[in-house]
Amino acid sequence: MATAAETKGWTRDQMAARAAKELRDGYYVNLGIGIPTLVANNIPGGMTVTLQSENGMLGIGPFPYEDQVDPDLINAGKQTISELPSSSYFDSAASFAMIRGGHIDLTVLGAMEVSEKGDIANWMIPGKMIKGMGGAMDLVAGVKKIIVVMEHNAKSGDPKFIPECTLPLTGKNVVDMIITDLAVFHRPDHDSPFKLIELAPGVTAEEVREKTTANYVE
Amino acid sequence: MATAAETKGWTRDQMAARAAKELRDGYYVNLGIGIPTLVANNIPGGMTVTLQSENGMLGIGPFPYEDQVDPDLINAGKQTISELPSSSYFDSAASFAMIRGGHIDLTVLGAMEVSEKGDIANWMIPGKMIKGMGGAMDLVAGVKKIIVVMEHNAKSGDPKFIPECTLPLTGKNVVDMIITDLAVFHRPDHDSPFKLIELAPGVTAEEVREKTTANYVE
Amino acid sequence: MQKIYSSAEEALQGLLFDGMTIAAGGFGLCGIPERLIDAIQASGVKDLTIASNNAGIDNEGLGKLLRTRQVKKMISSYVGENKEFERQFLAGELEVEFTPQGTLAERLRAGGAGIPGFYTKTGVGTQVAEGKEVKSFDGEDYILERGIRADLSVVKGWKADESGNLVFRKTARNFNQPAATSGKICVAEVEEIVPVGSLDPDGIHLPSIYVKRLILGAPYDKKIEFKTVRQREAA
Amino acid sequence: MQKIYSSAEEALQGLLFDGMTIAAGGFGLCGIPERLIDAIQASGVKDLTIASNNAGIDNEGLGKLLRTRQVKKMISSYVGENKEFERQFLAGELEVEFTPQGTLAERLRAGGAGIPGFYTKTGVGTQVAEGKEVKSFDGEDYILERGIRADLSVVKGWKADESGNLVFRKTARNFNQPAATSGKICVAEVEEIVPVGSLDPDGIHLPSIYVKRLILGAPYDKKIEFKTVRQREAA
């Protein structure tokens with residue numbers, strides 16, 4: 001079995017685990033689909049973290065057992081889920097009042113690009129079929145802290161943390177933290193530049209610099 | 001016992017009964033305090049009319065029996081009431097979404113003045129203590145049909161249906177029908193003048209003309 | 001006042017016209033007004049503008065109306081998982097107004113609440129802001145979004161009483177509540193109609209004032225888009 | 001995460017400061033956060049701006065804070081039945097921003113929902129419109145009203161579970177729901193605290209996310225402003 005020390009960079013699960021370190025007791029959190037969903041499996045023991053689903057639920061439980069599957073109980077990714085004793089349901093307008101109003105403490109989202117100014121693009125590739133932004137624009141505009149979890153580079157090798165987004169934006173100057181398979185970048189507020197605050201195992205600051213076009217503080 | 005025919009003009013109860021003739025089966029109605037409240041006692045038999053209370057209730061029941069009085073169950077006049085099997089409760093924002101959104105069919109309100117253009121003044125007398133407009137401005141702005149029930153003349157004898165309101169307005173160009181102790185005025189839309197459509201027993205059109213300064217069609 | 005109709009077709013009688021705007025509840029295939037969508041399809045009404053978070057999938061939900069080309073325009077936040085939609089959209093046969101999910105929910109609520117416009121941070125600095133008024137409040141920019149007042153709302157509830165009070169079940173509530181208020185008239189289908197007095201007055205999700213016509217839509221064969229389960233550990 | 005505090009005083013610890021804005025639930029004396037009002041009074045915090053539909057009556061509800069001169073300004077729709085209020089107001093010692101009841105409810109909801117401004121027909125052409133932007137939508141005039149984001153919300157519920165999910169009872173719900181969402185932090189008092197899992201997830205009026213601190217306020221001696229009854233007919 002490979003251990004983290006033998007592997008260079010973080011796996012998807014490890015990126016999710018790193019994001020989970022940003023959770024605090026009592027947080028209300030919205031998790032995007034993909035890697036962000038894995039954050040739910042990494043909530044530190046003894047900590048109460050409540051997951052919101054923007055289709056109208058607070059307190060998402062785990063996937064249901066086969067005999068508990070309920071078509072009326074799905075998450076925002078339209079997957080079947082289960083409820084918890086502390087769950088509550090509400091309508092979509094109430095759900096986004098919560099999101100837009102700044103009541104959610106943290107959201108973890110995937111991204112195609114993040115700019116050095118904190119812009120995020122994750123909903124549309126011109127020329128490809130456009131599926132729509134869903135709730136992503138509302139989340140990045142409304143949630144208190146925005147964490148992006150993404151591969152450091154695209155499959156083509158192109159950097160994804162870049163000076164200026166080339167794709168249509170989901171939100172402008174909204175990202176607080178970026179967690180990639182190589183490193184973690186953070187900024188304390190939306191007027192400050194991002195700072196490299198952590199390296200994945202076996203990754204050097206030079207390597208990160210080489211693989212990034214965005215300006216950031218080391 | 002005096003009968004209606006022997007009395008000149010309408011009593012408060014008769015004015016309420018006249019207003020009740022505007023009810024239709026299935027209507028959702030908001031009644032103001034004073035004479036309008038009496039409309040509830042005059043709902044024609046066999047007709048389902050649901051009363052809304054702007055503090056957050058649909059389906060107002062009668063006053064409670066002494067042993068049913070519940071401090072958590074009051075109307076917008078802060079009087080204790082009772083509930084019906086069809087009642088529902090909601091918050092104040094939801095209640096006024098209903099009102100502002102045009103979902104209430106009819107409201108019956110008192111007034112200090114109504115102008116010939118359908119302006120209404122019923123919330124404030126400058127120089128006197130000001131209590132506030134409560135929900136009156138929302139009701140006249142949002143409800144589909146606005147009926148004013150008021151004495152034709154003030155105690156001083158001054159007309160209350162006048163060319164132009166002298167008191168601060170509750171709403172501009174909002175009144176559809178005026179029921180006084182002497183007559184009924186109606187207009188089919190907010191661009192038309194009011195028309196005298198009915199006289200109370202023993203009242204003549206001349207008398208109404210003498211006691212009114214507003215212009216109206218006979 | 002009888003609100004209960006014997007079929008979806010009957011409940012929609014006199015309400016449909018070409019070029020109308022319809023607000024529909026549901027999220028994905030969860031809580032969609034299936035019976036009413038079928039009846040709208042059968043009516044042949046066309047050039048519809050439909051405000052709905054999603055557009056169904058191929059031949060499920062609103063996908064049925066796309067297939068028959070009855071839809072002119074969708075106001076939606078997410079339209080994936082629908083090949084026919086994709087085909088019509090790419091061919092320029094179908095107009096789409098992409099609206100962020102929360103903005104769409106609020107636009108429906110606002111339209112139903114007599115609010116013709118409201119300001120939101122959502123979409124500032126993005127394509128969504130194009131052509132919209134920007135206003136600064138306390139030093140931050142917001143865009144003006146419009147309320148949606150639909151000609152008709154079609155929604156799916158769990159239980160209704162005979163007076164039209166309605167409750168939803170779990171995440172099937174979603175857009176059904178705001179969509180119901182957005183319409184000049186709202187027609188609801190439910191899984192069960194219970195006598196007046198059976199529902200808790202403190203627990204009504206959609207007060208009777210909004211539900212003008214009602215049908216019993218059961219039995220439902222509820223579809224699941226992505227069934228995800230976990231395994232029970234062996235004892 | 002422990003949300004339950006042993007007293008109103010403890011629950012308000014660190015949250016009060018002079019000049020702050022507080023949103024308070026209640027309609028008349030129905031559903032008012034009595035214990036929290038008492039603790040605010042006892043704290044001596046002053047120059048308060050309070051958004052509340054009413055201002056209590058003499059020495060009941062918010063009337064208590066008026067009596068001790070802790071209130072600088074009220075944002076209310078109706079302030080009758082309060083002699084001390086009247087005295088301070090007429091003497092120019094108390095500022096009042098009269099807001100139509102529905103506009104106030106919507107301003108609180110909007111503030112809590114991230115909406116800094118919205119348009120409404122209510123008050124167009126009246127004193128309420130003075131100094132406000134007027135905009136025409138589809139040929140009709142509307143005025144711009146601002147959302148209210150309070151520093152603190154104080155509300156009264158019926159039951160809460162230990163995680164902070166809350167339900168109200170009958171017309172005591174009123175402004176408590178929108179006021180709760182308006183505050184940067186919301187403290188709630190309830191008549192009963194029940195174990196997690198005791199409340200119906202479909203029937204929660206105020207989800208736990210809004211309730212940051214919670215106290216058991218019972219027993220309550222609920223006041224009635226106008227007791228109106230009917231007589232039982234003799235058998």
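A note on names: the letters A, B, ... follow the listed sequences, proteins ahead of strands, and every chain is numbered from 1.
We find that A/E151 and A/R12 are not joined by a salt bridge, their nearest charged nitrogen and carboxylate oxygen being 4.0 Å or further apart. Salt bridge status for A/E198 with A/R18: present, with a side-chain N to carboxylate O gap under 4.0 Å. Using a cut-off of 4.0 Å between Lys/Arg side-chain N and Asp/Glu carboxylate O, A/E164 and A/K117 are scored as salt-bridged.
Top candidate by heavy-atom pairs under 4.5 Å with chain D, chosen from A/S88, A/G26, A/G59, is A/S88. The candidate from D/G114, D/S208, D/P201 with the greatest count of non-hydrogen atom pairs under 4.5 Å with chain A is D/P201. The greatest number of non-hydrogen atom pairs below 4.5 Å with chain D, out of A/D25, A/I104, A/T48, is found for A/D25. Looking only at heavy-atom pairs under 4.5 Å with chain D, the residue among A/F90, A/Y28, A/Y27 that has the most is A/Y28. Among the candidates D/H205, D/E162, D/R149, the residue making the largest number of heavy-atom pairs closer than 4.5 Å to chain A is D/R149.
A 4.5 Å side-chain heavy-atom check between D/L144 and D/K132 finds every atom pair outside the cut-off. Taking the side chain as every heavy atom from C-beta outward, D/V190 and D/K159 never approach each other to under 4.5 Å.
For A/M98, the parts sitting under 4.5 Å from any heavy atom of chain D are the backbone and the side chain alike. In this structure, chain D has no heavy atom under 4.5 Å from any part of A/I99. Looking at A/E83, only its side chain comes within 4.5 Å of chain D, counting heavy atoms on both sides. Only the side chain of D/K212 has a heavy atom closer than 4.5 Å to any heavy atom of chain A. Heavy atoms of D/N165 lying under 4.5 Å from chain A belong exclusively to its side chain.
Aromatic pair D/Y210/A/H103: centroids less than 6.0 angstrom apart.
Residues A/A136 and A/N122 share a closest heavy-atom pair of CB-OD1, 4.0 Å.
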